[in-house]
Each structure stands twice: as structure tokens, then as C-alpha cells.
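Contents: one structure, followed by commentary.
What you see is a predicted model, and the numbers here were worked out from it, not measured in a lab. Counting starts at 1 for both ligands and their atoms, in listed order.
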Amino acid sequence: MADRIYNFNPGPAALPLEVLEEARDNFVQHQGQGISIMEMSHRGKVVEAINDETQNLLLELLGLSQGYHALFMGGGASTQFALVPLNFLPQGKTAGYVLSGNFSEKAFEEAKHLGDASVAATSKGEKWARIPAQEDIALPTGAAYLHITVNNTIEGSQWSDLPDTRGVPLIGDVTSDILSRERDMSKFALVYAGAQKNLGPAGVTAVVVKDEFLQTGAGHIPTVLRYATFAKNKSLYNTPPVHSIYMMNLVLKWTQRQGGMSNLERLNREKAGVIYDAIDTSGGFYQGLVEKPYRSIMNVTWRMQSVELEKRFVQESVQNGFEGLGGHRSVGGLRASAYNAVPHKACTALADFMKDFQRRNG
Ligand SMILES: *Cc1c(COP(=O)(O)O)cnc(C)c1O
């Protein structure tokens with residue numbers, strides 16, 4: 001397995017090699033039990049234990065072992081865009097949305113289908129090159145909650161300090177942010193993350209919700225769309241995506257071995273730093289899309305002088321063993337997604353390739 005490519009895919013994204021190997025060894029027979037995990041009952045002891053352990057591990061890694069529930073749901077982060085207002089935006093209240101990129105706009109659009117939602121702040125006028133400042137956030141009166149996208153996967157920006165909401169429940173889309181850096185997660189009433197960036201393969205969505213906030217959820221909506229149903233049943237109300245949860249279990253144990261969010265922040269800063277350096281020392285050959293204080297340590301975005309040159313860059317990168325460097329279709333340019341599982345050596349290899357490409361084309 002020496003020749004794994006340098007995987008900078010934005011999601012589904014790189015998984016730790018150790019995790020893939022352990023999953024492979026248990027694929028046909030789970031720990032020699034004559035049956036695979038995908039064939040077992042989700043109500044049996046083995047799956048129940050994995051489910052419990054994974055929920056506890058996630059809470060522990062986030063520093064939320066007390067007063068929070070971890071839920072495993074379906075439908076990806078996009079379904080959360082709708083479930084959040086469905087559960088927590090009652091008539092007579094307004095939800096505030098900070099718009100900092102494409103995914104936050106999508107979340108806002110879904111909320112408008114379901115209730116009264118307003119833009120609390122936006123950086124669209126600055127082409128998403130920054131995160132709105134605290135003083136620019138206008139909380140609606142009688143706010144149901146404030147929603148933020150903590151890392152903007154497409155644009156390449158990331159919140160550093162979380163906003164002060166003066167008691168209004170804070171909800172975060174942490175799909176591409178979760179466990180990437182040290183955060184006081186207790187500032188959130190609810191966070192959600194599609195697994196396919198920092199938690200495992202696609203197929204399960206992690207939600208972590210504060211118990212107090214959970215109790216304020218709507219009771220008149222369909223059972224299977226209520227967060228409370230998942231909390232009450234340890235996410236075993238219906239058949240969960242057992243294999244995806246098992247994979248998350250392995251990824252979380254790997255995350256723990258890496259030293260959790262504080263040590264991963266250090267590693268991720270170094271990794272992204274190597275790529276940002278290649279941009280910043282290029283004399284304008286590569287141009288970052290985000291202002292420095294708001295740069296993401298997960299998704300590094302940049303562009304070049306012409307679309308032609310960008311195309312050649314992507315083509316040659318593929319020939320050199322890199323994958324996933326084309327920017328999102330909505331913004332163009334280039335993007336390197338260096339999630340937790342992307343090794344440091346992939347980032348130094350990319351920086352070397354960028355310098356070499358510049359020498360040949362600059
Ligand atoms: C990837 C991503 C999404 C979309 O996730 P799905 O699971 O495909 O619905 C939403 N928000 C953010 C921040 C993302 O990075």
C-alpha cells in the first residue's frame with residue numbers, strides 16, 4: 001500500500017490508512033465472529049456497544065460529556081439545514097443566519113421555507129473573503145437561535161473565536177470544522193456534521209445537542225424528524241447506518257490517538273501553513289481567496305492568473321499523484337482540503353509541486 005495518492009478531496013475525503021486497514025481486516029468477519037458488522041442486528045449486543053461507545057467518544061473528544069447528547073442521523077448536513085428550523089424555529093420567533101458562504105446560504109434558504117428567518121450578517125459583498133465581525137452581527141429580537149457555518153468548505157474561510165450571542169442559542173454547521181481545532185464546544189446549543197470530512201465515510205450525520213435546548217424542540221412534527229426521538233432511542237429508533245458508525249468509531253479512536261482537537265489544531269496549522277506559504281511566497285503567481293485572519297486550516301483556496309493556467313495546474317497535479325485540487329464549481333480556482341486525516345507529507349509534496357509548477361510556468 002505504498003502508493004496511495006495525495007488525496008485533497010473536499011468530501012468524501014481522505015481517511016486514515018490505519019482505519020482503512022483495520023476495517024478491511026474486519027470486513028468479512030467482525031473480530032472473527034463468523035459474521036460481518038453489516039449483517040448483524042442493530043439491536044444486538046455488538047452493534048449496540050459500538051453505537052454507545054461511538055456516541056460517548058464523540059462527546060468526550062468535544063469536551064461535552066455532561067449535558068449533551070450525540071445523535072447519529074441520516075440525510076447528510078443538507079437535511080440538517082431543514083431539521084434545525086423544523087425543530088427549533090417556532091411561530092412568532094425569528095432565526096438569525098450569518099452568511100459566510102455557499103452552505104450557509106443553503107441553510108438560510110431552508111429555514112425560510114419553514115418559518116421566519118433573517119440575515120444576521122453577511123460577507124457576500126466581500127465575495128466571502130472574510131467572516132463577518134462580531135459587531136456586524138444583528139441578532140433578531142426574540143431570536144430562536146443564531147446559525148453559523150463554522151468552516152466554509154467551498155470558500156476556504158473559518159471562524160476563529162465563536163460569536164457572543166448574548167444568551168441566544170448558537171447552532172453550528174461543523175461538517176468541515178469538527179475536531180479540527182481547539183474550541184469551547186459548550187458555547188453551542190447544537191452542532192451537526194456530515195461524517196465525510198473529519199469523521200468517516202458518508203452515510204451518517206453526527207448531531208450534538210445540549211439537553212436543555214433539546215427540550216425546547218417542537219412536539220407536533222413527525223416522530224422520525226424530531227431530534228428528541230433520536231436522543232430518547234440512542235439513535236436506534238430506526239435502522240442506523242451501522243457500517244458508517246463503525247467507521248466513525250475507528251476514526252474517533254484514531255483522533256484520540258492523535259491527541260484530540262488541541263493537538264490536531266497544531267498539526268493542521270502546520271499542514272495548511274506549508275500550502276499558504278507556497279501561496280504567499282509566490283509573488284502573486286498564486287493568490288489566496290480569503291483574507292489572512294479568516295483563512296481556514298481545513299480548506300486552502302487560491303486562484304491563478306488565468307483559467308487556462310489553473311486547468312494546466314490541475315491536469316499536471318493529477319499526473320503527479322494529487323487528487324481533488326480543482327476548486328468548487330461555484331467559485332473556480334484551486335482548493336486543497338487538508339482535513340485531519342491528510343498527512344503532513346501530502347501537504348509538503350503539494351507545496352513542492354506548486355513551487356515547481358511556478359518555476360516552469362511563472
Ligand atoms: C459538505 C458540507 C455540507 C453538505 O453536506 P452533505 O452531507 O453532503 O449534505 C454542508 N455544510 C458544510 C459546511 C459542508 O462542508
Side-chain angles (χ1 to χ4, degrees), residues 7-15 58 62 71-86 97-111 113 122-124 128 130-132 145-160 162-163 170-181 183 185 188 190-208 225 230 235 240-241 243-245 247-248 251 268 272 289-290 294-301 324 326-331 335-342:
N7 184 354
F8 289 98
N9 274 329
L15 290 165
L58 180 61
L62 294 170
L71 320 177
F72 296 150
M73 304 178 76
S78 300
T79 298
Q80 298 298 316
F81 296 165
L83 291 184
V84 164
L86 192 63
Y97 280 74
V98 177
L99 305 186
S100 53
N102 188 291
F103 283 123
S104 47
E105 281 190 305
K106 284 189 166 163
F108 176 55
E109 290 306 317
E110 290 293 63
H113 288 308
T122 177
S123 57
K124 192 168 194 169
W128 308 128
R130 45 165 54 229
I131 297 288
Y145 59 79
L146 182 75
H147 180 282
I148 65 172
T149 311
V150 187
N151 181 75
N152 298 283
T153 320
I154 294 173
E155 296 78 10
S157 66
Q158 192 169 22
W159 289 75
S160 297
L162 299 173
L170 179 65
I171 294 186
D173 177 352
V174 294
T175 301
S176 55
D177 181 89
I178 193 165
L179 298 170
S180 71
R181 59 201 280 169
R183 291 196 185 280
M185 298 301 286
F188 287 106
L190 183 151
V191 292
Y192 58 86
Q196 66 274 17
K197 281 126 191 186
N198 267 342
L199 296 177
V204 58
T205 310
V207 174
V208 175
L225 303 181
F230 284 75
S235 301
H243 193 259
S244 294
I245 292 168
M247 291 296 289
M248 195 198 294
V251 170
N268 288 331
L289 296 182
V290 172
Y294 311 100
R295 281 174 164 180
S296 169
I297 57 170
M298 293 278 93
N299 309 95
V300 179
T301 55
H328 189 266
R329 57 188 186 279
S330 66
V331 297
R335 169 176 55 173
S337 299
Y339 297 119
N340 286 353
V342 172

- prompt: When you check the side-chain N and O atoms of D173 and Q80, is any donor under 3.5 Å from an acceptor?
  reply: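 The answer is no; no qualifying pair exists.
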message: Between S180 and N268, is there a side-chain donor-acceptor contact under 3.5 Å, judged purely by atom types and distance?
response: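 No, S180 and N268 have no side-chain donor paired with an acceptor closer than 3.5 Å.
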message: Under a 3.5 Å distance rule, please check whether S157 uses its side chain to pair with a backbone N or O of Y294 as donor and acceptor.
response: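 No, the answer is negative, given that no donor and acceptor are paired below the 3.5 Å cut-off.
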query: Do N340 and M298 have side chains that get closer than 4.5 Å, going by heavy atoms?
result: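 N340 vs M298: side chains touch.
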query: Do the non-hydrogen side-chain atoms of M73 and T79 ever get within less than 4.5 Å of each other?
result: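 No. Closest side-chain heavy atoms not under 4.5 Å.
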message: Going by the rule ring-ring contact (aromatic ring centres under 6.0 Å, His included), which residues pair with Y97 if we only count those two or more places apart in sequence or in a different chain?
response: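 For Y97 the ring-ring contact (aromatic ring centres under 6.0 Å, His included) partners, ignoring immediate neighbours, are F108, Y145, H147.
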Show me a pair-per-line table, with atom names and distances to 0.1 Å, of protein N or O atoms that are under 3.5 Å from an N or O of ligand 1.
from     : atom 1 : to   : atom 2 : distance (Å)
ligand 1 : 7 (O)  : A77  : N      : 3.0
ligand 1 : 7 (O)  : Q196 : NE2    : 2.9
ligand 1 : 8 (O)  : Q196 : NE2    : 3.4
ligand 1 : 9 (O)  : A77  : N      : 3.2
ligand 1 : 9 (O)  : S78  : N      : 2.8
ligand 1 : 9 (O)  : S78  : OG     : 2.6
ligand 1 : 11 (N) : D173 : OD2    : 2.6
ligand 1 : 15 (O) : T153 : OG1    : 2.4
ligand 1 : 15 (O) : K197 : NZ     : 2.7

